[in-house]
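Notes follow the structure.
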Protein chains: 2
Amino acid sequence: MPHTYKYPRPALTVDCVVFGLDEIDLKVLLIQRQIEPFIHRWALPGGFVRMDESTDDAALRELEEETGITKVYLEQLYTFSDIDRDPRGRVVTVAYYALAKLSDHRIRAATDAENVAWFDVDDLPQLAFDHHKILDMAMNRLRAKVRYAPIGFELLPAKFTLSQLQRLYEIVLTAKLDKRNFRKKILSMGLLIETEEREAGVTHRAARLYRFDRRKYRKLAKQGFSFAI
Amino acid sequence: MPHTYKYPRPALTVDCVVFGLDEIDLKVLLIQRQIEPFIHRWALPGGFVRMDESTDDAALRELEEETGITKVYLEQLYTFSDIDRDPRGRVVTVAYYALAKLSDHRIRAATDAENVAWFDVDDLPQLAFDHHKILDMAMNRLRAKVRYAPIGFELLPAKFTLSQLQRLYEIVLTAKLDKRNFRKKILSMGLLIETEEREAGVTHRAARLYRFDRRKYRKLAKQGFSFAI
DNA sequence: TCTCATAGTGTAACAATGACACTAACAATG
DNA sequence: CATTGTTAGTGTCATTGTTACACTATGAGA
């Protein structure tokens with residue numbers, strides 16, 4: 001079923017940079033291509049935008065189809081439009097970045113024999129297309145944004161310890177933070193709810209679990225409060 | 001000369017939000033549409049992306065074609081892709097925002113009888129398409145970015161007084177700033193070069209002119225320095 | 001009961017921020 | 001040429017936020 005237009009049009013795709021966090025490092029989700037071009041190369045999950053969906057919807061759909069991931073924090077990153085970025089012809093891609101709770105998501109290999117895997121961001125394979133460039137920009141955006149918006153919580157389970165939160169910042173910012181100062185600062189914002197629970201299954205003193213108070217943050221944000229680490 | 005594809009494709013456009021600054025308020029450049037849809041309505045300058053140009057190039061080209069503006073600070077803003085944002089059918093637009101030195105640019109009415117004009121951002125006409133939404137986002141971005149990146153200088157002439165610079169921040173941030181504290185802060189960054197010149201043609205004590213030291217800023221930025229007002 | 005690992009806590013020095021008011025210069029006016 | 005009007009230009013102090021720093025508490029496992 002062909003489609004004809006008076007003027008030529010680029011194809012439009014979306015690509016998603018999905019970040020996850022384990023105990024030691026920051027991970028990104030990649031799929032291994034099963035078709036040309038760049039067959040067998042690892043690439044960002046993504047695909048063509050349909051006529052009945054916005055790019056946001058397309059990003060969510062592709063993410064689910066290709067990796068099984070459904071409820072993530074998703075935000076538009078940048079649109080990449082270099083004329084030679086795809087060997088098949090003119091393809092413009094709207095890139096998104098997403099933050100996933102690694103624990104929640106048992107990633108499924110999508111269709112047929114598609115490989116899906118988490119890679120350490122400091123130890124990546126060669127990527128298809130200009131996906132390295134996209135990933136670079138996503139990393140920069142994450143690092144910048146995590147400092148002035150409470151998006152880090154999207155990478156942690158709903159209940160977390162202050163040490164986990166501190167480790168998150170240390171990993172994302174690649175910087176060591178002072179324990180007492182970190183706690184003082186984060187608690188003084190009043191955005192963490194202290195639960196009565198403690199972490200379980202550890203071989204040392206169990207830390208208290210906290211929850212992030214989304215509602216309170218939204219209220220404060222409206223009044224001009226600005227989150228900052 | 002028709003173009004045929006296996007799958008349907010959205011059309012791809014760019015739109016530019018061009019900001020300028022006069023003595024009293026922040027302006028945005030609009031053109032009055034001469035064709036349907038939204039004939040006679042004011043709209044952001046923009047147009048279709050060609051197959052041999054990136055969206056960045058398209059934005060620069062459209063800006064020159066429609067308004068005569070050439071050398072501006074231009075940055076990608078966001079891609080708007082709601083399926084019903086254009087009554088002609090599926091059109092995805094990559095929006096840019098630009099900062100122009102109002103003084104430099106005698107804006108020309110583009111082709112034929114096209115109207116081009118600067119509007120006070122607080123006193124806008126009804127706009128075509130979803131251009132209000134785009135402009136809103138551009139305003140928010142400008143306000144946020146002006147605080148942590150030295151982009152304000154793009155709105156001023158190459159040589160400016162500290163009072164002009166302060167007025168710029170007051171207008172963009174819609175906040176009153178303390179003169180002594182503002183000067184202390186901006187001078188302490190060491191990014192302004194004091195010239196020997198004074199402003200001319202004023203009826204009161206003439207203020208010293210300064211230039212922004214781009215080179216030094218780039219050097220400091222690489223070392224992790226962060227500009228902040 | 002001892003060891004090991006991490007949780008959890010306060011203070012003091014220093015730096016950054018914010019509030020605040022007068023004199024200096026110069027053009028225009030009478 | 002004295003006066004007026006308008007903006008330029010300057011410093012201090014109180015408050016607040018930031019950084020550096022080291023020990024005790026708890027609980028599991030040996």
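Treat the numbers as computed from the prediction; the structure is a model and nothing was measured. Numbers restart at 1 for each chain; the letters A, B, ... are given by sequence-line order, proteins then strands. All values below come from the heavy atoms of this structure, side chains included, with hydrogens, waters and symmetry mates left out.
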### Separation between CG of B/L99 and CG of B/L74, rounded to the nearest 0.5 Å
9.0 Å
### Task
Measure from the side chain of A/K184, starting at C-beta and using heavy atoms only, and say which of D/dG27, D/dA8, D/dA20 lies closest.
D/dA20
### Task
Would you kindly compare B/L162 and A/V202 by the position of their nearest DNA chain D nucleotide and give the one closer to the 5′ end?
B/L162
### Task
Nearest-nucleotide wise, let me know which of B/A206 and B/T203 is further upstream toward the 5' end of DNA chain D.
B/T203
Taking [atom1] from [X] and [atom2] from [N], how many angstroms apart are they, rounded to a whole number?
X      : N      : atom1 : atom2 : answer
A/F182 : D/dG17 : CZ    : P     : 18 Å
A/K179 : C/dT9  : NZ    : C1'   : 9 Å
B/N181 : C/dA16 : CG    : P     : 14 Å
B/D178 : D/dT10 : CG    : P     : 14 Å
A/E194 : C/dG8  : CD    : C1'   : 12 Å
A/R183 : D/dT19 : CZ    : C1'   : 17 Å
A/I186 : D/dG17 : CD1   : P     : 16 Å
B/E199 : C/dC26 : CD    : P     : 12 Å

### Task
Measure centre to centre between the rings of B/F160 and B/F212, then say whether the value is under 6.0 Å.
no
### Query
What about B/Y148 and B/F227, are their ring centers closer than 6.0 Å?
no
### Query
Are any side-chain N or O atoms of A/T67 and backbone N or O atoms of A/I69, one a donor and one an acceptor, separated by less than 3.5 Å?
yes
### Task
For B/Q34 and B/Q32, indicate whether the former's side chain and the latter's backbone hold a donor-acceptor pair under 3.5 Å.
yes
### Message
Listing request: all side chain to side chain donor-acceptor pair (under 3.5 Å) pairs with a residue in residues 150-161 of chain A, at least two apart in sequence or in separate chains.
### Response
A/E154-A/R214, A/K159-A/E197
### Summary
Ranking A/Q164 and B/R180 by the position along DNA chain C of their nearest nucleotide, the one closer to 5' is A/Q164
#### Entry: Stem regions touching DNA chain C, defined by at least 3 consecutive Watson-Crick or wobble G-U pairs below 3.5 angstrom
C:1-30 with D:1-30
### Task
Verify the neighbour count for atom CZ of B/R61: are there more than 12 heavy atoms of other residues, nucleotides or ligands below 6.0 Å?
yes
### Query
Under the 3.5 Å rule, do the base of C/dA24 and the side chain of B/R205 count as making a donor-acceptor pair?
yes
### Query
Under 4.0 angstrom, heavy atoms only, what part of the nucleic acid is A/R208 near: base, sugar-phosphate, or nothing?
sugar-phosphate
### Query
Does B/S163 make a side-chain N or O approach to OP1 or OP2 of D/dA8 shorter than 4.0 Å?
yes
